[in-house]
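One structure is given below, encoded as structure tokens.
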Amino acid sequence: WLPTWRPPNAGLDDPGRGDFTAEQMFPMAEALGAEAVTVLALYDPTVDPAIAGPLFAELCDRAAEHGLRLQLEFIPGSGLHDLAAAWAVVEAADRPNGGVLLDTWHFFRSASSFELLAEIQAEKIFALQLEDAPVEPPPDLGWECLHARLVPGEGELDLDRLMATIAGKVPRLSGPEVFSDEFASLSPAELGARLGDASRRYLG
């Protein structure tokens, strides 16, 4: 969706390649009964909201034709590296079906602002992804992101403060997103029970 996007140096089967066009993605999402599609700037340089805002607005308009919302996700090291960067694009686009996805690992690892988070309207936080981590980041954030996230409540991130900041604004699309090599041996039922119990502490 951005003119700066280039395919990553990855295999053809890597989902990070993002080779689907909007014309392909939106009908698929609609057919599957999805209500939202996550939008990233994973392989882009730092995004200029003056350029990205109108492009995101156009993408939102196309998504609306399929009854879809678009949730912009910020990721440390990507073109949208923190909450402020993603929010600037959402504000510039000014579309009712455009909002942000709040991921707790991304929020803390990008040193995003609690003050800004408190200012964002409830209807603009489309989804919440919960995970934990040690308070001190490792040298390789990319590795931790994909291999060593922790179950909510089993790390040192101030999830209680984050949840208090968005009290009354927790979206319906909320749940855990824990990438962890440690859990590879667990059955789906075991992992689901562990993550479900931990997440309910924060989601009620």
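Counting begins at 1 with the first residue of the sequence. The structure presented is a predicted model; accordingly, all values stated were derived computationally and were not measured.
By the 4.5 Å heavy-atom criterion applied to side chains, R69 and L173 are counted as neighbours. Two residues are said to be in side-chain contact when any heavy atoms from C-beta on lie closer than 4.5 Å; D160 and D158 meet this criterion.
The shortest non-hydrogen separation linking P49 to V47 is CD-O, 3.5 Å. Smallest separation of non-hydrogen atoms from L83 and S112: N-OG, 3.0 Å. Residue D132 comes nearest to G153 through the heavy atom pair OD2-N, 2.9 Å, listed as atom of the first residue, atom of the second, then distance. Here the closest heavy-atom approach between residue M163 and residue L130 is recorded as SD-CD2, 4.3 Å. Residues A93 and R95 come closest through the heavy atom pair O-NH1, 3.0 Å. Of all non-hydrogen atoms in P152 and A198, the two that sit nearest each other are O-CB, 3.5 Å.
In the hydrophobic clustering of ILVMFWY residues, with side-chain heavy atoms under 4.5 Å counting as a link, L159 and L203 come out together. Neither L80 nor F126 shares a network with the other; the hydrophobic side chains, linked directly or stepwise wherever heavy atoms of I, L, V, M, F, W or Y lie under 4.5 Å apart, form separate groups for each. Hydrophobic clustering of Ile, Leu, Val, Met, Phe, Trp and Tyr side chains at less than 4.5 Å, counting indirect connections, keeps L157 apart from V178. Linking ILVMFWY side-chain heavy atoms closer than 4.5 Å, directly or via other members, places W143 and I75 in two distinct hydrophobic clusters. Residues F26 and L72 fall within the same hydrophobic cluster, defined by Ile, Leu, Val, Met, Phe, Trp and Tyr side chains chained together at heavy-atom separations under 4.5 Å.
Using a distance-only test at 3.5 Å, with no hydrogens or angles considered, no donor-acceptor pair links the side chain of K124 to the main chain of W87. Although no hydrogens or angles enter the test, the distance criterion places no donor-acceptor pair under 3.5 Å between the side chain of W5 and the main chain of L42. Panel note: side chain E156, backbone V135; a donor-acceptor pair is recorded below 3.5 Å. Judged by distance alone, with hydrogens and angles left aside, the side-chain atoms of S199 form no donor-acceptor pair with the main-chain N or O of G196 at under 3.5 Å. T104 places a side-chain N or O within donor-acceptor distance of the main-chain N or O of E131, the cut-off being under 3.5 Å. A donor-acceptor distance shorter than 3.5 angstrom exists from the side chain of N97 to the backbone of L68, with no hydrogens or angles considered.
Judged purely by distance below 3.5 Å, without hydrogens or angles, the side chains of E144 and W105 pair a donor atom with an acceptor atom.
Separation of atoms OG1 (T38) and CD (Q129) is listed at 6.5 Å; rounding is to 0.5 Å. Taking CG of D48 as the reference point, atom CG of L2 lies at 10.5 Å (rounded to 0.5 Å). Note: F114 CZ to R161 CZ = 4.5 Å, rounded to the nearest 0.5 Å. If you take CG on L102 and CD1 on I125, they are separated by 6.0 Å, rounding to the nearest 0.5 Å. L150 CG to F179 CZ: the interatomic distance, rounded to the nearest 0.5 Å, is 14.0 Å. Here the CG-CG distance, from L195 to L191, works out to 4.5 Å after rounding to the nearest 0.5 Å.
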Practice item. Would you please test L128 and I166 for side chain to side chain contact (heavy atoms under 4.5 Å, CB included) and show each step? Key: CA-CA 10 Å; L128 170 67; I166 61 170; 4.2 Å; yes
Check your understanding: Taking it one step at a time, do R149 and D103 satisfy side chain to side chain contact (heavy atoms under 4.5 Å, CB included)?
Key -> CA-CA 12 Å; R149 300 193 199 189; D103 179 293; 3.3 Å; yes
**Study point:** Intermediate values then yes/no, side chain to side chain contact (heavy atoms under 4.5 Å, CB included), V151 and F183
**Key:** CA-CA 10 Å; V151 172; F183 299 147; 3.4 Å; yes
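The aromatic rings of F107 and F74 sit perpendicular, their planes meeting at an angle over 60°, well past the 30° parallel limit.
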